[in-house]
Amino acid sequence: MRLKDLLIEALLSITANKTRTFLTVLGIVIGISSVISLISIGQGAQSSVKSQIGTLGSNLLTVSMNFNRNSLNTSEMLTTDDVKAIEKISLVKAVAPQVSTNTQIVYKGAGVNTQIIGTNDNYDDVRNITIDKGSFISSKDVTSYTKVAVVGPTAAENILGENREPLNETIKIDGIGFKIIGVTKTKGQSGMTNQDNMIYIPISTAQRYLTGNDSISSINIGVISENAMNEAKQQVTLALLKTHNIADSSSANFTVSSQTDVVETISSVSETFTLLLAAIAAISLVVGGIGIMNMMLTNVTERTKEIGLRKAIGASSTDIVVQFLTEAILLTSFGGIIGTLLGVLLSYVLTQFFNIATTVSVSSIVLAVGVSAGIGLVFGFYPAKRAARLDPIQSLRYE
Amino acid sequence: MIDLQQITKTYQSGENETQALKGVTIHVDEGEFVAIMGPSGSGKSTLMHILGALDKPSTGHYLLDGKDVSTYSEKELAELRKKKLGFVFQSFNLLPRTTAVRNVMLPLLYTNVSESKRTGLAEESLRAVGISEKHWAHMSNQLSGGQIQRVAIARALINSPRLILADEPTGNLDTKTSEMVLSVFQRLNNEGRTIVLITHEPDIANHAKRIISMRDGLIESDTQVKNRRISIEEKQ
């Protein structure tokens with residue numbers, strides 16, 4: 001039989017009982033649309049995690065000390081020597097050491113606790129921070145121990161109250177007055193920390209007035225390109241082993257980590273999550289497939305006489321198998337296409353009205369339509385085979 | 001054209017063996033119009049199925065155009081039915097919700113006849129059985145009994161078969177419509193087609209040229225019809 005004839009014949013017979021066809025196809029539609037929308041939620045979560053972490057800078061390396069209770073002496077801290085050693089590495093574009101502390105900020109008598117980061121003029125560049133108003137800390141601020149602060153938008157709101165222009169206001173950190181010289185742009189939550197609720201001051205000022213020592217909490221390193229990350233990481237490790245007088249990298253008292261390490265961990269979690277969602281949706285597809293099989297079996301029984309006739313006028317068993325398989329595949333493909341449209345619509349609705357991040361990928365659509373046609377093939381095969389096996393004489397007598 | 005040599009057919013159902021045909025030898029020439037008669041259980045249906053390549057004999061040989069088809073495989077038998085045989089059934093077996101033309105064309109779907117030729121052949125076939133143009137696009141359930149059976153005959157004719165097999169073609173029709181259908185068979189026969197018709201009514205059988213009577217799986221008599229009844233085709 002020609003393909004065109006096959007399709008016409010199949011269409012004629014599946015439109016013969018519209019209610020039954022509709023209900024059977026509905027099973028596939030639900031299956032496919034849930035596969036599409038659930039996968040889109042999984043992939044949406046994945047890509048939003050990735051883009052959030054991307055805002056930190058994908059060429060960022062962070063050096064921090066492995067905290068050790070037993071040896072709390074200054075030789076076990078990061079120092080300016082470490083910073084200088086790292087600055088000499090050619091793959092390093094900029095270095096921003098930081099001192100982190102949590103102190104009370106007082107403005108006009110009201111106090112708020114906020115994280116304070118003492119750092120240098122490279123920090124905004126290394127950590128992808130953009131300035132909304134004013135300016136960031138300058139190198140001159142660092143060398144001359146200026147008492148200036150750059151605030152995040154959330155921190156500004158918490159300390160100064162809403163609708164107040166923060167620039168040039170003076171806030172008291174640990175009792176010392178700091179003039180606000182800049183406000184950063186909103187960046188949003190990243191992992192555990194809210195980057196908008198921070199106060200940045202010159203590292204020199206922080207060390208002299210807040211922590212009282214020369215130690216550095218961590219060092220942020222901007223690498224020249226993303227491709228050089230692994231090599232830069234190795235070179236930084238080597239340089240620090242040298243300054244810390246450690247011979248063996250396995251006994252290093254510091255950690256050099258990149259954002260990709262974090263991204264990899266989180267994306268492997270969200271991949272598992274996507275898979276889990278897909279597996280749940282796949283179950284509904286199997287149920288839909290069983291519906292197809294049930295309908296096709298009923299179909300074969302009802303059309304026994306027709307099958308007998310077709311055989312009598314010269315249809316071979318293969319012709320019969322192909323005909324019934326075409327019907328099943330047509331049913332499921334049809335359901336697959338409608339299900340895909342519905343799934344895409346559902347993802348759109350989830351994003352628009354429920355604020356759930358979704359990503360509909362072409363591959364998931366191709367997969368869904370392919371799978372639905374495959375279901376037709378698998379679940380249609382047994383009924384088709386049964387139709388082909390019917391004895392023409394018995395079938396013609398069937399009432 | 002047809003040569004049946006000592007055909008037997010035994011059905012096995014559980015412990016019981018039923019011998020439906022006990023050695024039947026028939027020779028039918030091209031252009032003959034044979035009626036096979038007999039009460040139910042005489043083996044005429046079994047004989048019909050073997051003639052129609054729907055079933056294989058247990059022993060004996062069936063030569064069609066000199067070829068022994070009793071040894072054919074399933075696939076070869078399907079091919080034979082498609083190319084050389086045309087069936088007309090008692091219950092018509094038209095596809096429901098399908099037009100007359102499409103019903104007639106059905107056998108062509110399993111052949112390589114091009115789409116453009118099919119409609120022409122179907123219309124030619126419908127004309128040959130006296131179905132006028134205004135009924136061609138009618139659905140099968142919109143046709144009268146006589147029209148339905150003539151559409152079924154048109155379907156049997158479309159592949160220009162060597163042999164037309166009709167199994168009680170008038171069994172579900174009234175006398176007047178039966179006459180109409182029989183007249184179509186007679187004309188087709190006059191045009192040179194070989195027809196084998198199965199019936200249990202002597203009135204119907206008398207429209208053929210030769211009557212073979214069967215009883216208990218054997219041929220009881222094989223005679224030429226002396227006072228043949230001729231049905232006149234009514235113009236519609």
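From a predicted model like this one, the values you see are computed outputs, not experimental measurements. The sequence lines fix the lettering, A, B, ..., with proteins before strands; numbering per chain opens at 1.
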Once rounded to the nearest 0.5 Å, what's the spacing between atom [atom1] of [X] and atom [atom2] of [Y]?
X: R118(B); Y: D5(A); atom1: CZ; atom2: CG; result: 4.0 Å
X: T46(B); Y: I393(A); atom1: OG1; atom2: CD1; result: 8.0 Å
X: R397(A); Y: Q90(B); atom1: CZ; atom2: CD; result: 11.5 Å
X: T15(A); Y: R97(B); atom1: OG1; atom2: CZ; result: 8.0 Å
X: L396(A); Y: F87(B); atom1: CG; atom2: CZ; result: 8.5 Å

*Taking all atoms of both residues into account, what is the closest heavy-atom pair of A78(B) and A315(A), and its distance?*
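The pair with the smallest heavy-atom distance is CB-O, 4.0 Å.
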*asked:* Using every non-hydrogen atom in the two residues, find where A312(A) and L54(B) come nearest and quote the distance to one decimal.
replied: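 Smallest interatomic distance, heavy atoms only, reads CA-CD2, 4.0 Å.
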*Below 4.5 Å from any heavy atom of chain B, which atoms of Q323(A) appear? Answer side chain, backbone, both or neither.*
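Q323(A) touches chain B through side-chain heavy atoms alone.
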Do other residues, nucleotides or ligands put more than 12 heavy atoms under 6.0 Å from the [atom1] atom of [X]?
X: K56(B); atom1: NZ; result: yes
X: Y348(A); atom1: OH; result: no
X: Q142(B); atom1: CD; result: yes
X: F33(B); atom1: CZ; result: yes
X: F381(A); atom1: CZ; result: no

*With distance as the sole test, does R81(B) use its side chain to make a donor-acceptor pair with the main-chain N or O of S316(A) at under 3.5 Å?*
no
*Return the option, out of L165(B), V113(B), L77(B), with the maximum number of heavy-atom pairs under 4.5 Å with chain A.*
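The residue among L165(B), V113(B), L77(B) with the greatest pair count is V113(B).
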*Specify which of D55(B), L109(B), I158(B) makes the most heavy-atom pairs with chain A at under 4.5 Å.*
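Option with the greatest count: L109(B).
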*Below 4.0 angstrom, N of the basic side chain to O of the carboxylate: do E115(B) and R2(A) qualify?*
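The answer is no: the pair does not qualify as a salt bridge.
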_Salt-bridge criterion met for D319(A) and K82(B) (N-O under 4.0 Å)_ =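 Answer for the salt bridge query: no.
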_What I'd like to find out is whether the side chain of E9(A) reaches to under 4.5 Å of the side chain of L106(B), using heavy atoms alone._
yes
